[in-house]
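The sequence lines fix the lettering, A, B, ..., with proteins before strands; numbering per chain opens at 1. Atoms considered below: every heavy atom in the structure, side chains included; atoms not considered: hydrogens, waters and symmetry mates.
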Amino acid sequence: MPELPEVETIVRGLRDGLVDRSIQRVRVLRPDVVRQKPRSFSAGLRGRTVERVTRRGKNIVVSLSDDRVLVVNLGMTGRLLFSTPTVRATHPAVRFTLDQEPSLVFDDVRRFGSLEVLTGKEWARRSEDLGPEPLGTEYTASRMLTDLARSASPVRSWFLDQRRIAGVGNIYANEALFLAAIHPRRPAKSVNAAEARVLHRAIRQVLRTAIENRGTTLRDYRDASGSPGENAGALRVYGRAGQPCLSCSTEVQRLVFGNRSAFFCPRCQPETDTA
DNA sequence: AGTGTATCCTGCAGGC
DNA sequence: TGCCTGCAGGATACAC
């Protein structure tokens, strides 16, 4: 569900209400979303104060006193919500009672999400396994080209691999490839320098626009206040199989590989490399 | 080493 | 109405 723009929106929405709050009580209602024993998970959080709320890839990173870090990955349907009378969790998995109202709840229908308490060092090591932040100033087109050149996998699959680039998921991978006129199944290493420049600009553009629109809500995604995002109307190919391409009116195609759907315009994104 | 497939889980939409 | 199938924004354990 949530990709970089959705997680960024949630993080921004959590900051004000969470920084300087202390965690008083943790109730694990669904142990399978917690990656450690519920007792040690709770013990690692209880009594600690929130110092920062940041994002790394698709992870929400809550930095706490005593060198603890709560890392939340939302999976497909996870939400991290301030629990107010108007915002009710439908599938609460973990509840956090703070020193002030409102409390915080991790809600997740499918329970593919995960929560974990780490030390700062453990988190730093984990973070090294993630690729660069696509919106970072140091992420250049030439860096992207170098990384693409190392992989023979389909470029859409390349985007989804968090070790290569952090935070991109299926929606924005497909959108960026459409903007760059690159077929989703083309080998990553077949993307040439000129195409990489366009693709680099495209992924950053797509992610920035989605952040401005507060994320894409297709079904489940909500921000920390329970509000949906407004980016769905900005999507050009994702989920539009059978509908006309917005550039050329050719039918948008759906193709399944790597267990995920890819959406593309066969005319705007020919499979044969133009390289 | 790198890549593709199967699996975790629930809910919803569409076909019959 | 109900039953069935397919599908979903993610990550990961495995087989090759």
Side-chain angles (χ1 to χ4, degrees), chain A residues 1-11 29-35 55-60 71-80 89-94 106-116 126-127 129-131 134 147-178 184-190 203 206-207 209-211 213-223 227-242 253-263:
Chain A
M1 142 216 216
E3 306 183 30
L4 187 157
E6 291 74 36
V7 176
E8 180 63 28
T9 303
I10 291 168
V11 162
L29 312 175
R30 292 293 202 159
D32 53 353
V33 303
V34 171
R35 292 172 82 97
R55 179 191 60 73
R56 175 79 172 98
K58 300 175 194 171
N59 299 290
I60 299 166
V71 181
V72 180
N73 187 292
L74 300 168
M76 290 282 244
T77 54
R79 302 171 173 178
L80 202 51
T90 57
H91 297 74
V94 182
F106 178 73
D107 191 59
D108 192 354
V109 175
R110 293 172 74 181
R111 303 199 303 283
F112 288 173
S114 67
L115 299 88
E116 192 168 15
R126 189 79 66 82
S127 180
D129 291 338
L130 295 173
D147 293 347
L148 286 165
R150 283 203 282 254
S151 170
S153 74
V155 61
R156 198 287 314 267
S157 304
W158 181 91
F159 264 124
L160 298 192
D161 186 340
Q162 301 299 296
R163 293 167 305 185
R164 305 188 195 277
I165 183 169
V168 180
N170 207 25
I171 292 180
Y172 303 114
N174 280 283
E175 293 296 306
L177 289 166
F178 173 77
R185 207 164 53 187
R186 270 185 49 195
K189 58 168 63 165
S190 79
I203 188 62
V206 155
L207 295 172
T209 299
I211 290 171
N213 290 332
R214 304 178 51 79
T216 299
T217 295
L218 299 178
R219 163 169 290 153
D220 300 291
Y221 164 69
R222 294 284 125 83
D223 69 14
S227 303
E230 305 296 336
N231 195 63
L235 301 183
R236 293 168 168 86
V237 279
Y238 185 85
R240 296 192 63 248
Q253 304 288 307
R254 171 174 172 266
L255 190 63
V256 178
F257 59 91
N259 261 349
R260 315 292 294 272
S261 293
F263 299 91

Which whole number of Å gives the distance between the P atom of dC3(C) and that of dC9(B)?
-> 23 Å

Which residues pass the ring-ring contact (aromatic ring centres under 6.0 Å, His included) test with Y238(A), sequence neighbours left out?
-> F263(A)

First and last nt of DNA chain B near chain A, cut-off under 4.0 Å to heavy atoms, 5' to 3', are dT3(B) to dA13(B)

Partner residues of V206(A) under the side-chain contact (heavy atoms from CB on, under 4.5 Å) criterion, sequence neighbours left out | Y172(A), E175(A), L179(A)

In dot-bracket form, how is DNA chain C paired, counting a Watson-Crick or G-U wobble pair only if both its distances are under 3.5 Å and using | for bases paired to another strand?
-> .|||||||.|||||||

For DNA chain B, whose closest nucleotide is more 5', that of F257(A) or that of R111(A)?
-> F257(A)

Quantified in whole Å, what is the C1' atom distance between nucleotide dG9(C) and nucleotide dT3(B)?
-> 23 Å

What integer distance in Å separates K58(A):NZ from dG9(C):C1'?
-> 8 Å

Are L235(A) and R240(A) side-chain neighbours, meaning at least one heavy-atom pair lies under 4.5 Å?
-> no

Assert: residue with more 5' nearest nucleotide on DNA chain B, out of R219(A) and R110(A), is R110(A)

List in chain and number order the residues that pass salt bridge (Lys or Arg N to Asp or Glu O under 4.0 Å) with R185(A), two or more places apart in sequence or in another chain; answer none if no residue qualifies.
-> E271(A)

At under 4.0 Å between heavy atoms, what does P5(A) touch on the DNA or RNA strands: base, sugar-phosphate, or nothing?
-> nothing

If you look at every strand shown and take non-hydrogen atoms under 4.0 Å, does R30(A) touch a base, only sugar-phosphate, or nothing?
-> nothing

Round to the nearest Å and state the distance from Q162(A) atom CD to dG9(C) atom P.
-> 14 Å

Looking for any heavy atom pair under 4.0 Å, which part of the strands does S114(A) touch: base, sugar-phosphate only, or nothing?
-> nothing

What residues form a salt bridge (Lys or Arg N to Asp or Glu O under 4.0 Å) with D107(A), not counting sequence neighbours?
-> none

Over how many whole Å does the gap from N259(A) atom CG to dT12(C) atom C1' extend?
-> 12 Å

Rounded to whole angstroms, how far apart are CG on N170(A) and C1' on dA11(C)?
-> 13 Å

In whole angstrom, give the distance that lies between atom CG of L115(A) and atom C1' of dA11(C).
-> 14 Å

Rounded P spacing from dA1(B) to dA11(C) in Å | 23 Å

The residue, R254(A) or R126(A), whose nearest nucleotide of DNA chain C is more 5′ is R254(A)

Does any donor-acceptor pair link the side chain of R260(A) with the base of dA8(C) at a separation under 3.5 Å?
-> no

Distance in angstrom units between D220(A) CG and dG9(C) P, rounded = 11 Å

Identify whether a stacking contact exists between F112(A) and dG10(C), where the ring centres must be under 5.5 Å apart and the planes under 30° apart.
-> yes

Please work out if D32(A) contacts a base, only the sugar-phosphate, or nothing of the nucleic acid, heavy-atom cut-off 4.0 Å.
-> nothing

For R163(A), all residues meeting side-chain contact (heavy atoms from CB on, under 4.5 Å), sequence neighbours excluded = D161(A)

Tell me: CZ of R156(A) to C1' of dG10(C), nearest whole Å?
-> 12 Å

Give Y238(A) one of three labels, base, sugar-phosphate or nothing, depending on what nucleic acid heavy atoms sit under 4.0 Å from its own.
-> sugar-phosphate

Residues at least two apart in sequence or cross-chain that pass salt bridge (Lys or Arg N to Asp or Glu O under 4.0 Å) with R214(A), listed by chain then number, are D223(A)

So do the side chains of P154(A) and R186(A) get within less than 4.5 Å of each other, counting heavy atoms only?
-> no

With R150(A), which residues qualify under salt bridge (Lys or Arg N to Asp or Glu O under 4.0 Å), at least two apart?
-> D147(A)

Any chance you could measure R30(A), atom CZ, to L115(A), atom CG, to the nearest 0.5 Å?
-> 14.0 Å

Pick base, sugar-phosphate or nothing for R164(A), based on heavy-atom distances below 4.0 Å to the nucleic acid.
-> sugar-phosphate

Within a reach of under 6.0 Å around CZ of R236(A), are more than 12 heavy atoms found that belong to other residues, nucleotides or ligands?
-> no

Calculate the interatomic distance between L207(A) atom CG and dG9(C) atom P; express it in whole Å.
-> 16 Å

